[in-house]
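Please read these numbers as outputs of a predicted model, since none were measured by experiment. Letters go in sequence order (proteins before strands), and every chain restarts at 1.
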2 protein chains.
Amino acid sequence: MEQEQNFLTLNDHLCFSIYACSRAILRLYRPYLDELKLTYPQYLVLVVLWEYEQSTVKQLGELLELDSGTLTPMLKRMEAAGLLKRSRDTKDERVIIVKITDEGKSLQEKALCIPQSLMDSTGMTTEEVNALNSAVKKLSKLVNE
Amino acid sequence: MEQEQNFLTLNDHLCFSIYACSRAILRLYRPYLDELKLTYPQYLVLVVLWEYEQSTVKQLGELLELDSGTLTPMLKRMEAAGLLKRSRDTKDERVIIVKITDEGKSLQEKALCIPQSLMDSTGMTTEEVNALNSAVKKLSKLVNE
DNA sequence: TAAAATTAAGTTGCGAACAATTTTATTAAA
DNA sequence: TTTAATAAAATTGTTCGCAACTTAATTTTA
């Protein structure tokens, strides 16, 4: 008896939908990010720092699911741009404390248009966005074991 | 009267959920992709070529939403790995025809485990996967105008 | 048909993303 | 307390992803 292969086409691939959607949102955000001279992952670092004021490389890595190989050079660029300050924790010299500057804080209001552009572009209600957000988070959680 | 700011935290950001989920799926796929000596976007190129046998750089770009700046070097690496052949279209010398090799075809069955790993890891039914796939595609479509 | 516009790939340059490794600091164990 | 193990960042190297630009071929239009 023949084995049914069930090869998936590109459009059957949930992974591709998510990967393409992520990049589509970045394209939508780009003009707003350009205006603020930010990249998308830099914007995410600021979202964390607007909430917590300061953090460590390790904590940023846990929140954003990025490692020091990605964060270290990015944080150096953001420091050079005046958005944050990096300093050693005197209690534990292995740790780098990342603290937002006034200049970094000043971008928070200007950045409101970024997530708003996604709402505007999709016309989704807050409830619809939250429902999809929950579904995607649930998937992530399962994938992360 | 005060203006309510409603700054979003990281977890409220649908864009972040999708971006993080996309990378979580890549982490899940990595061991299977490593086994086949493929990167994720290379796998996607093969998914297209398994379906269509051959394509052009332009068509691959439309299907995968990638530009020639990404595709040209990637396709050259895949050609060097023996997975596909690149040749000029004699009818229009601007066009590059990308055709899968027998070696590239031989990976199709071995790659079945890749999308399967996502099903296994999430325990989602085909119906649940399809529903989420549709929701994400709908979002992408809206974002792409 | 000659010039202008358009199109398809390719090139260059930069910033992620991440694996693998190294460096330095702290903690645990012998 | 010296050594071993662990931990946090940093470094190195490869591959995307994409903006901006270039090259070469084709099509349009003047």
Side-chain angles (χ1 to χ4, degrees), chain A residues 15-16 19-31 33-46 55-81 83 86-98, chain B residues 15-16 19-31 33-45 55-81 83-84 86-98:
Chain A
C15 59
F16 174 67
Y19 160 82
C21 186
S22 182
R23 290 186 294 115
I25 295 173
L26 296 210
R27 281 195 297 276
L28 175 71
Y29 283 178
R30 195 162 309 279
L33 290 168
D34 283 351
E35 187 71 27
L36 301 180
K37 295 190 202 306
L38 291 176
T39 65
Y40 178 67
Q42 289 174 7
Y43 164 72
L44 294 179
V45 168
L46 290 182
S55 184
T56 64
V57 173
K58 181 179 158 60
Q59 190 192 7
L60 282 168
E62 286 167 356
L63 291 169
L64 303 176
E65 295 169 47
L66 291 170
D67 72 6
S68 67
T70 301
L71 286 170
T72 296
M74 186 167 67
L75 294 171
K76 284 182 179 175
R77 282 187 288 270
M78 293 178 77
E79 182 172 41
L83 301 171
R86 295 159 66 254
S87 59
R88 292 272 164 196
D89 184 344
T90 50
K91 292 187 198 69
D92 185 341
E93 293 279 347
R94 290 172 303 182
V95 174
I96 290 279
I97 294 175
V98 178
Chain B
C15 59
F16 174 67
Y19 160 81
C21 186
S22 181
R23 290 186 296 115
I25 295 172
L26 296 210
R27 281 195 297 277
L28 175 71
Y29 284 179
R30 193 161 310 280
L33 290 167
D34 284 351
E35 188 72 25
L36 301 180
K37 295 189 202 306
L38 291 175
T39 65
Y40 179 66
Q42 288 174 7
Y43 164 73
L44 293 178
V45 168
S55 184
T56 65
V57 173
K58 180 179 159 59
Q59 190 193 6
L60 282 169
E62 286 167 356
L63 292 169
L64 302 177
E65 295 170 45
L66 292 170
D67 72 5
S68 67
T70 300
L71 286 170
T72 297
M74 185 167 66
L75 294 171
K76 283 182 178 175
R77 283 188 288 270
M78 293 179 76
E79 182 173 41
L83 300 171
L84 51 81
R86 296 158 67 254
S87 59
R88 291 272 165 197
D89 184 344
T90 51
K91 291 188 197 68
D92 184 341
E93 293 279 346
R94 291 172 303 183
V95 174
I96 289 279
I97 294 175
V98 178

When the distance from [atom1] of [X] to [atom2] of [N] is rounded to whole Å, what number comes out?
{"X": "B:Y40", "N": "D:dC16", "atom1": "OH", "atom2": "P", "value": "13 Å"}
{"X": "B:I96", "N": "D:dT26", "atom1": "CD1", "atom2": "P", "value": "13 Å"}
{"X": "B:L33", "N": "C:dA17", "atom1": "CG", "atom2": "P", "value": "18 Å"}
{"X": "B:E93", "N": "D:dT23", "atom1": "CD", "atom2": "C1'", "value": "14 Å"}
{"X": "A:L36", "N": "C:dG15", "atom1": "CG", "atom2": "P", "value": "17 Å"}
{"X": "B:L71", "N": "D:dT15", "atom1": "CG", "atom2": "P", "value": "15 Å"}
{"X": "A:D34", "N": "C:dG15", "atom1": "CG", "atom2": "C1'", "value": "13 Å"}
{"X": "A:D67", "N": "C:dT21", "atom1": "CG", "atom2": "C1'", "value": "12 Å"}

Check your understanding: How far does OG of B:S68 sit from CE of B:M74, to the nearest 0.5 angstrom?
Key ->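 Separation between the atoms: 11.5 Å.
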Check your understanding: Counting only heavy atoms not in B:E62, do more than 12 fall under 6.0 Å of its CD?
Key ->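 Yes, because the 6.0 Å sphere around CD of B:E62 holds more than 12 heavy atoms from other groups.
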Practice item. Mark yes when over 12 heavy atoms from residues, nucleotides or ligands other than A:E35 sit less than 6.0 Å from its CD; otherwise mark no. Key: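 Result for CD/A:E35: open.
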Tell me which nucleotide among [options] gets nearest to the side chain of [X].
{"X": "B:T56", "options": "C:dA9, D:dA25, D:dA10", "answer": "C:dA9"}
{"X": "B:R86", "options": "D:dC18, C:dG10, C:dC18", "answer": "C:dG10"}
{"X": "B:P41", "options": "D:dT26, C:dC18, D:dG17", "answer": "D:dG17"}
{"X": "A:K58", "options": "D:dA9, C:dG15, D:dG17", "answer": "D:dA9"}
{"X": "A:V57", "options": "D:dA10, C:dA16, D:dT15", "answer": "D:dA10"}
{"X": "A:R77", "options": "D:dC18, D:dA8, C:dA16", "answer": "C:dA16"}

Check your understanding: Given that both distances must come in under 3.5 Å, which nucleotide forms a Watson-Crick or G-U wobble pair with D:dA30?
Key ->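 Matched D:dA30 with C:dT1 under the 3.5 Å cut-off.
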Review point. How about A:L60 and A:L66: do any of their side-chain heavy atoms sit closer than 4.5 Å?
Key: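 Side chain of A:L60 against side chain of A:L66, heavy atoms only: no contact under 4.5 Å found.
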Practice item. Kindly indicate, with the supporting measurements, whether the criterion side chain to side chain contact (heavy atoms under 4.5 Å, CB included) is fulfilled by B:T56 and B:D89. Key: CA-CA 9 Å; B:T56 65; B:D89 184 344; 6.0 Å; no
**Study point:** Contact nearer the 5' end of DNA chain C, comparing A:K91 with A:M74
**Key:**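 The residue mapped nearer the 5' terminus is A:M74.
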**Study point:** B:Y29 and B:Y40 aromatic ring geometry - parallel, tilted or perpendicular at 30°/60° bounds
**Key:**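 Tilted, since the angle between the ring planes falls between 30° and 60°.
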Have a look at [X] and say if it touches a base, only the backbone sugar-phosphate, or nothing, with a 4.0 Å heavy-atom cut-off.
{"X": "A:T39", "answer": "sugar-phosphate"}
{"X": "A:D92", "answer": "sugar-phosphate"}
{"X": "B:L66", "answer": "sugar-phosphate"}

Under 4.0 angstrom between [X] side-chain N/O and [N] OP1 or OP2:
{"X": "A:K76", "N": "D:dT11", "result": "yes"}
{"X": "A:R94", "N": "D:dA10", "result": "no"}
{"X": "B:Q59", "N": "C:dA8", "result": "no"}
{"X": "A:R30", "N": "D:dA19", "result": "yes"}
{"X": "B:R23", "N": "C:dA17", "result": "no"}
{"X": "A:T72", "N": "D:dA10", "result": "yes"}

Review point. Can B:R86 and B:E79 be counted as an ion pair, charged N to O under 4.0 angstrom?
Key: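 Judged by the 4.0 Å cut-off on N to carboxylate O distance, B:R86 and B:E79 do form a salt bridge.
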Point to revise | Nearest-nucleotide comparison on DNA chain D, the residue closer to the 5′ end among A:G69 and B:Q42 | key: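 Upstream on the strand: A:G69.
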Review point. Given that B:L26 and A:R88 both sit by DNA chain D, which one's nearest nucleotide is further toward the 5' end?
Key: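 By nearest-heavy-atom nucleotide position, the 5'-most residue is A:R88.
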Review point. Between the base of C:dA8 and the side chain of B:S68, is there a donor-acceptor distance below 3.5 Å?
Key: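 Answer no: no donor N or O sits under 3.5 Å from an acceptor.
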